[in-house]
Protein chains: 2
Amino acid sequence: MSGPSRQLLDRLSDKWVNLTLNALADGPRRYTDLAKSVTGVSQKMLTQTLRTLERDGLVSRRVTAAVPVRVDYDLTPLGWTLMPLMYAVKEWAEVHIGEVEAARAAYDAAL
Amino acid sequence: MSGPSRQLLDRLSDKWVNLTLNALADGPRRYTDLAKSVTGVSQKMLTQTLRTLERDGLVSRRVTAAVPVRVDYDLTPLGWTLMPLMYAVKEWAEVHIGEVEAARAAYDAAL
DNA sequence: CAGAATCCTGGCCGATACTG
DNA sequence: CAGTATCGGCCAGGATTCTG
């Protein structure tokens with residue numbers, strides 16, 4: 001595998017992409033809400049991740065003129081086709097973390 | 001989401017994990033074969049990725065005494081439960097790269 | 001063949017300050 | 001509120017060399 005789709009896979013493997021997409025699974029979220037629900041993300045990385053996802057057509061950005069301004073992010077139809085896969089990976093991690101930790105313990109004990 | 005399963009998700013989001021797991025989808029592979037089929041990976045990163053996957057119980061490492069030595073990597077039963085998800089993500093990238101590139105062109109044109 | 005060990009650097013990313 | 005801009009440290013990871 002190489003070429004453009006390989007670069008896209010690299011992007012999907014970014015640390016914050018899965019978390020951001022999953023945070024949008026329940027519908028539109030405001031910027032500050034995302035910052036809170038994506039644990040550990042810095043302002044810079046959240047903005048950078050959202051910009052990239054927007055440019056790639058996975059996320060939409062809607063600005064509501066007001067004081068202060070309001071910005072809502074949402075998954076696009078294309079983004080929705082990816083979300084189940086991201087969710088499945090996240091779920092896999094939660095379901096199998098116990099087995100992984102057991103494997104680590106066994107591996108470390110064998111040193 | 002936070003805690004141990006979050007760390008595991010971070011590891012699954014590593015750049016080389018998806019590619020390495022997918023390279024093992026068709027059965028056991030030798031180290032050098034993996035180095036060739038995982039395009040762009042350095043020896044250091046391949047070894048590091050394989051070690052981590054082995055420690056996490058996703059990949060097995062079998063050494064055959066010979067001159068020169070032979071090492072085969074394979075998915076464990078646990079690794080096999082994750083593989084379909086990694087494959088689906090890789091497939092998604094290949095199927096939707098066109099739409100993503102179109103979205104990028106549209107985004108850039110709107111500047 | 002399958003790594004281990006070392007050195008070194010680009011760029012990722014957090015922290016901080018500022019703004020419409 | 002939702003960002004942008006800038007600076008600097010730190011380390012991921014490439015290149016190289018060496019070995020069982």
Side-chain angles (χ1 to χ4, degrees), chain A residues 2 6-20 23-24 27-56 58-75 107-108 110-111, chain B residues 2 6-20 23-24 27-56 58-75 107-108 110-111:
Chain A
S2 62
R6 163 60 183 278
Q7 294 182 340
L8 179 55
L9 179 56
D10 287 347
R11 305 296 343 251
L12 299 183
S13 298
D14 180 84
K15 178 177 183 180
W16 300 111
V17 165
N18 188 309
L19 294 164
T20 302
L24 291 170
R29 305 288 302 273
R30 300 185 62 171
Y31 181 86
T32 302
D33 290 337
L34 285 172
K36 286 173 187 166
S37 77
V38 179
T39 308
V41 74
S42 68
Q43 191 176 44
K44 179 177 180 177
M45 291 316 295
L46 178 59
T47 298
Q48 190 175 111
T49 301
L50 288 168
R51 285 287 174 281
T52 301
L53 291 175
E54 186 194 3
R55 188 171 106 97
D56 288 353
L58 300 176
V59 160
S60 66
R61 179 174 180 271
R62 182 166 39 100
V63 180
T64 303
V67 180
V69 70
R70 174 192 179 111
V71 179
D72 289 275
Y73 290 92
D74 198 357
L75 293 174
Y107 183 93
D108 294 344
L111 295 183
Chain B
S2 63
R6 162 62 183 278
Q7 294 181 340
L8 179 55
L9 178 58
D10 286 347
R11 304 257 48 255
L12 299 183
S13 298
D14 179 85
K15 178 178 183 179
W16 300 111
V17 166
N18 188 307
L19 294 163
T20 302
L24 292 169
R29 305 288 302 274
R30 299 185 62 172
Y31 181 86
T32 302
D33 289 338
L34 285 173
K36 286 173 187 166
S37 77
V38 179
T39 308
V41 74
S42 67
Q43 273 139 15
K44 179 176 178 179
M45 290 316 294
L46 178 59
T47 298
Q48 190 175 112
T49 302
L50 287 168
R51 285 286 175 281
T52 302
L53 290 174
E54 186 193 4
R55 189 171 105 96
D56 287 352
L58 300 176
V59 160
S60 67
R61 179 175 181 270
R62 182 166 40 101
V63 180
T64 304
V67 179
V69 71
R70 174 192 178 111
V71 179
D72 289 274
Y73 290 91
D74 198 359
L75 293 174
Y107 183 93
D108 294 344
L111 295 184

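Lettering of chains follows the sequences in order, A, B, ..., and the numbering in each one begins at 1.
Protein atom CG of B/L50 is 7 Å distant from nucleotide atom P of C/dG3, rounded to whole Å. Taking atom CZ on A/R29 and atom C1' on D/dC1, their separation rounds to 16 Å, with Å as the unit. Here the C1' atom of nucleotide C/dC12 and the CD atom of A/Q48 are 8 Å apart, to the nearest Å. As a whole-Å value, the separation of B/E54 CD from C/dA2 P is 15 Å. Atom NZ in A/K15 sits about 12 Å away from atom P in D/dG13, given to the nearest Å. Whole-Å rounding puts the A/D14 CG to C/dC12 C1' distance at 11 Å. Residue B/L34 contributes atom CG, which lies 13 Å from atom C1' of C/dC1 at whole-angstrom precision. For the pair A/R62 CZ and D/dC1 C1', the computed distance is 16 Å after rounding to whole Å.
Residues from residues 67-74 of chain B lying near DNA chain C, meaning a heavy-atom separation below 4.0 Å, are B/P68, B/V69, B/V71, B/Y73 in numerical order. Remark: A/S42, A/Q43, A/K44, A/M45 in residues 36-45 of chain A come within less than 4.0 Å of DNA chain C through at least one heavy atom.
Judged as a side-chain contact (heavy atoms from CB on, under 4.5 Å), and not counting sequence neighbours, the contacts of B/R61 are B/R51, B/E54, B/V63, B/V71, B/Y73. Under the side-chain contact (heavy atoms from CB on, under 4.5 Å) criterion, A/K44 pairs with A/S42, A/Q48, not counting sequence neighbours. Taking the side chain to side chain donor-acceptor pair (under 3.5 Å) definition, one finds that A/D74 meets it with nothing, sequence neighbours left out. Listed by chain and number, the residues in a salt bridge (charged side-chain N to carboxylate O under 4.0 Å, His left out) with A/R6 are A/D10 (sequence neighbours excluded).
Looking only at side-chain heavy atoms (C-beta outward), A/T64 and A/V69 stay at 4.5 Å or farther from each other. Counting only heavy atoms from C-beta outward, the side chains of B/L19 and A/L9 approach each other to under 4.5 Å.
For the OP1/OP2 pair of D/dG3 and a distance below 4.0 Å, the side-chain nitrogens and oxygens of A/T47 include no atom meeting the criterion. Taking side-chain N and O atoms only, A/R61 has no distance below 4.0 Å to OP1 or OP2 of D/dA2.
Taking the side chain of B/R30 as heavy atoms from C-beta on, and the options C/dG14, D/dG3, C/dA2, the nearest nucleotide is C/dA2.
Note that the CG atom of B/L75 and the OG atom of B/S60 stand 8.0 Å from one another [nearest 0.5 Å]. The CZ atom of A/R11 lies 11.0 Å from the NZ atom of B/K15; values are rounded to the nearest 0.5 Å.
Remark: the backbone N or O of B/W16 is paired with a side-chain donor or acceptor of B/D14 at under 3.5 angstrom.
Fit an axis to the five pairs at each end of the helix from C/dC1-D/dG20 to C/dG20-D/dC1 and the two axes sit 60° apart, to the nearest 10 degrees.
Annotation for A/V41 and A/M45: closest pair CG2-CB, 3.9 Å, computed over non-hydrogen atoms.
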Using distance only, find each side-chain donor-acceptor pair of residues 28-38 of chain A under 3.5 Å and give its atom names and separation, not counting sequence neighbours.
from	atom 1	to	atom 2	distance (Å)
A/R29	NH1	A/A23	O	3.1
A/Y31	OH	A/Q43	O	3.3
A/Y31	OH	A/T47	OG1	2.8

